[in-house]
Amino acid sequence: MEFISLCFLIFSSFFLLNYLLKFFSFGQVKLPLPPGTMGWPYIGETFQLYSQNPNTFFASKVKKYGSVFKTHILGCRCVMISSPEAAKLVLVSKAHLFKPTFPASKERMLGKQAIFFHQGDYHTKLRKLVLRAFLPNSIRNIVPDIESIAIKSLQSWEGNLITTFQEMKTVCCSNSYAFNVALLSILGKDEVLYREDLKRCYYNLEKGYNSMPINLPGTLFHKAMKARKELANILAKILSLRRELKQNHTDLLGSFMGDSEGLTDEQIADNIIGVIFAARDTTASILTWILKYLAENPSVLQSVTEEQEAIMKLKENSGDDKVLNLTDTKRMPITTRVIQETLRVASILSFTFREAVEDVEFNGYLIPKGWKVLPLFRNIHHSPDNFPEPEKFDPSRFEVAPKPNTFMPFGNGIHSCPGNELAKMEILVLLHHLTTKYRWSLMAPQNGIQYGPFPLPQNGLPIKITLKR
Ligand code: HEM
């Protein structure tokens with residue numbers, strides 16, 4: 001009997017100790033989780049998020065629970081944050097505690113060794129190489145080539161009814177502006193030889209990007225994985241040709257190849273494929289929104305056109321080379337504000353994903369290790385505290401710099417967009433020629449938004465472009 005009492009005592013002490021340890025972690029009272037609901041087992045609140053405009057979901061949660069709340073999406077427990085200070089903490093000041101995270105299928109498709117998926121030394125090394133290729137001084141030399149791509153694209157659209165987004169990005173359009181500029185900046189002029197093959201592979205890759213990750217013959221995912229392999233083979237050919245010719249290149253591939261510590265061919269391929277992806281859809285999407293907002297705001301379009309005509313005249317009168325250069329693109333403040341305002345209103349990257357690498361204390365709450373953390377860029381850009389009348393398209397608001405950490409279209413911190421200067425420059429170059437030589441009209445009233453995956457005007461914005469007389 002005494003033995004049984006002793007066993008009982010030992011067991012109850014063990015459970016009590018275990019409970020106390022769970023309740024107080026090393027003497028500290030365990031913090032509560034952020035407010036919010038987790039929805040149904042496993043599916044969580046995925047249906048609520050995807051059955052409506054995601055922004056309605058975020059806005060209603062923020063209204064109910066404040067700027068930090070928990071939820072459960074696509075099988076992941078998440079904390080969503082929508083205050084500028086909290087976003088800064090996750091992306092900048094405590095970035096080491098929050099690693100980037102993507103579904104495994106996306107990593108396989110783009111390549112596991114691509115910059116987006118990494119943290120630490122490997123990421124720092126890649127980032128240095130990527131920035132080297134996209135800093136203003138590096139992209140200076142390709143402005144004239146980008147200009148000729150812009151001129152050719154516009155000429156091919158003239159007189160036609162076009163779907164703006166498709167023409168800006170798509171592989172099936174021979175003059176797809178954002179795709180051709182991305183290839184030029186990443187692979188230089190070598191890409192011309194392989195352009196059609198690269199486009200075909202990208203076409204298949206992107207069709208599988210948002211498909212179910214089932215790798216069986218006939219599925220979109222399987223086709224995408226095949227296209228991924230083919231892309232790697234094309235890049236291997238370009239690499240070996242460059243090694244044979246031993247020329248120096250200032251594009252992204254040149255930067256990767258010139259690294260003294262050496263990247264493997266696989267690492268180079270994963271990063272080239274990934275960066276083309278990052279460069280093309282984003283820029284094409286922003287250009288589409290800009291054309292929509294300019295068409296809907298004639299007085300803004302008028303100011304942009306006048307600014308661009310003044311630059312054109314200045315170049316004609318100065319007797320200089322008429323080709324645009326990087327300095328010209330820095331003399332376009334009105335057009336630049338239109339780009340900024342479009343980036344804010346459209347907020348094409350509505351949020352990003354991170355994962356807590358350890359338990360993190362956050363504004364008095366606990367974010368447990370392994371939980372996803374989503375800074376909600378769109379909510380920050382659309383908060384009246386940061387931007388009065390946030391739904392109004394008003395580029396003049398950028399005459400005054402926004403409050404710190406309230407404007408993050410290119411992200412913030414160590415993973416912020418290294419291609420932002422290139423993106424702004426290529427948009428300015430296209431707008432220069434578009435507004436000085438062409439008019440365009442929207443083919444239908446454009447209030448709807450589609451997601452694919454970035455928010456886009458309905459049907460990719462069908463427009464008609466004509467030459468000005
Ligand atoms: C308007 C166009 C663009 C927008 C709005 C945009 C936006 C962004 C954002 C928000 C991030 C950060 C994501 C995060 O923190 O998780 C990012 C990262 C990145 N972007 Fe862009 N981007 C654009 C164009 C480009 C271009 C043209 C390139 C390359 C030529 C590029 C290459 C990259 C790369 C490589 C990263 C990952 C950086 C890292 O992880 O260190 N982007 N972009």
Side-chain angles (χ1 to χ4, degrees), residues 87-88 90-92 95 98-102 106-107 110-111 113-135 138-139 142 146 165 168-169 177-188 251-253 255-256 270-290 336 338-355 372-378 380-381 407-431 453-456:
K88 185 182 172 204
V90 171
L91 299 173
V92 186
F98 299 96
K99 65 172 186 187
T101 171
F102 289 81
K106 306 276 187 268
E107 284 195 26
L110 293 186
Q113 310 201 58
I115 183 167
F116 322 98
F117 312 128
H118 292 271
Q119 192 90 320
D121 293 347
Y122 177 63
H123 174 260
T124 311
K125 170 172 156 169
L126 283 175
R127 197 166 165 86
K128 202 180 79 197
L129 299 174
V130 175
L131 279 170
R132 185 162 79 184
F134 295 134
L135 283 176
S138 322
I139 56 176
I142 57 170
I146 293 182
F165 184 60
M168 294 296 178
K169 87 156 198 174
Y177 181 63
F179 191 65
N180 288 344
V181 173
L183 288 188
L184 174 79
S185 64
I186 293 165
L187 299 174
D251 48 40
L252 183 64
L253 183 60
S255 179
F256 284 153
D270 284 5
N271 280 287
I272 295 287
I273 292 169
V275 175
I276 295 178
F277 220 83
R280 184 199 59 169
D281 286 41
T282 46
T283 315
S285 169
I286 281 298
L287 271 164
T288 306
W289 282 107
I290 293 178
T336 299
V338 167
I339 299 174
Q340 289 173 307
E341 179 66 341
T342 306
L343 285 164
R344 183 193 71 79
V345 182
S347 288
I348 53 158
L349 262 91
S350 303
F351 52 85
T352 187
F353 284 94
R354 295 289 187 270
E355 183 182 310
K372 310 287 180 203
V373 181
L374 282 72
L376 303 177
F377 297 135
R378 172 177 272 268
I380 296 172
H381 294 163
F407 184 55
M408 290 175 284
F410 294 105
N412 202 356
I414 51 169
H415 285 280
S416 65
C417 182
N420 77 85
E421 287 296 333
L422 172 67
K424 285 183 274 189
M425 182 264 275
E426 69 177 278
I427 294 171
L428 288 167
V429 169
L430 188 86
L431 290 179
F454 301 124
L456 269 180

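Ligands are counted one by one from 1 in listed order, and the atoms in each one are counted from 1 as well. The model shown is predicted, which means the values in this text are computed figures rather than measured ones.
Closest of all the heavy-atom pairs between Pro455 and Trp289 is O-NE1, 2.9 Å. The two residues Phe102 and Glu107 come nearest to each other via the heavy atoms O-OE2, 3.9 Å. When every heavy atom of Ser255 is checked against every heavy atom of Leu129, the shortest pair comes out as OG-O, 2.7 Å.
Screening Arg127, His123, Arg354 for a side chain to side chain donor-acceptor pair (under 3.5 Å) involving His415 leaves a single residue, His123.
Against a heavy-atom cut-off of under 4.0 Å, Gly411 is close to the following atoms of ligand 1: 10 (C). Under a 4.0 Å criterion applied to the non-hydrogen atoms of His123, ligand 1 contributes the atoms 39 (C), 40 (O), 41 (O). The Val275 neighbourhood of ligand 1 comprises atoms 29 (C), 35 (C), with distances under 4.0 Å to a heavy atom of that residue. Counting the atoms of ligand 1 from 1 in the order shown, those under 4.0 Å from a heavy atom of Leu422 are 30 (C).
Residue, atom and distance of the protein heavy atom nearest to atom 37 (C) of ligand 1 are Phe116 CD2, 3.5 Å. Scanning all protein heavy atoms for the shortest distance to atom 7 (C) of ligand 1 gives Pro409 O, 3.6 Å. Scanning the protein for heavy atoms near atom 11 (C) of ligand 1, the closest one is Phe410 O, 4.0 Å. For atom 39 (C) of ligand 1, the closest non-hydrogen atom of the protein is His415 ND1, 3.4 Å.
Of the listed residues (Val130, Leu91, Thr282, Ile139), the one carrying the non-hydrogen atom nearest atom 24 (C) of ligand 1 is Thr282. Counting only non-hydrogen atoms, the option in Gly419, Ala279, Cys417 that gets closest to atom 20 (N) of ligand 1 is Cys417. Scanning Met425, Lys424, Arg354, Arg280 for the heavy atom closest to atom 15 (O) of ligand 1 points to Arg354. Of the candidates Ala278, Pro418, Ser347, it is Pro418 that places a heavy atom closest to atom 19 (C) of ligand 1.
Contact of the Phe117 side chain with the Asp270 side chain is not registered, since no non-hydrogen atoms from C-beta on lie closer than 4.5 Å. Residues Thr101 and Lys372 form a side-chain contact, since some pair of their non-hydrogen atoms from C-beta on lies under 4.5 Å apart. You'll find the side chain of Met168 stays beyond 4.5 Å of the side chain of Arg280, heavy atoms only. Taking the side chain as every heavy atom from C-beta outward, Asn271 and Val130 never approach each other to under 4.5 Å.
When only interatomic distances are considered, the shortest N/O to N/O separation between Thr352 and ligand 1 falls below 3.5 Å. Geometrically, ligand 1 and Ser185 share no nitrogen or oxygen pair separated by less than 3.5 Å.
Using a 4.0 Å cut-off between heavy atoms, Arg127 contacts ligand 1 through its side chain alone, with no backbone atom that close. Under 4.0 angstrom from ligand 1, the non-hydrogen atoms of Phe134 all belong to its side chain. With a 4.0 Å heavy-atom cut-off, ligand 1 is reached by the backbone of Ile414 but not by any atom from C-beta on.
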Going through the distances and angles, do Phe407 and Ile380 end up as a side-chain contact (heavy atoms from CB on, under 4.5 Å)? CA-CA 8 Å; Phe407 184 55; Ile380 296 172; over 6 Å; no
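Counted within 6.0 Å of NZ on Lys99, heavy atoms from surrounding residues, nucleotides or ligands total 12 or fewer; the atom is thus considered open.
Here the side chain of Gln119 pairs a donor or acceptor atom with the backbone of Phe98 at under 3.5 angstrom.
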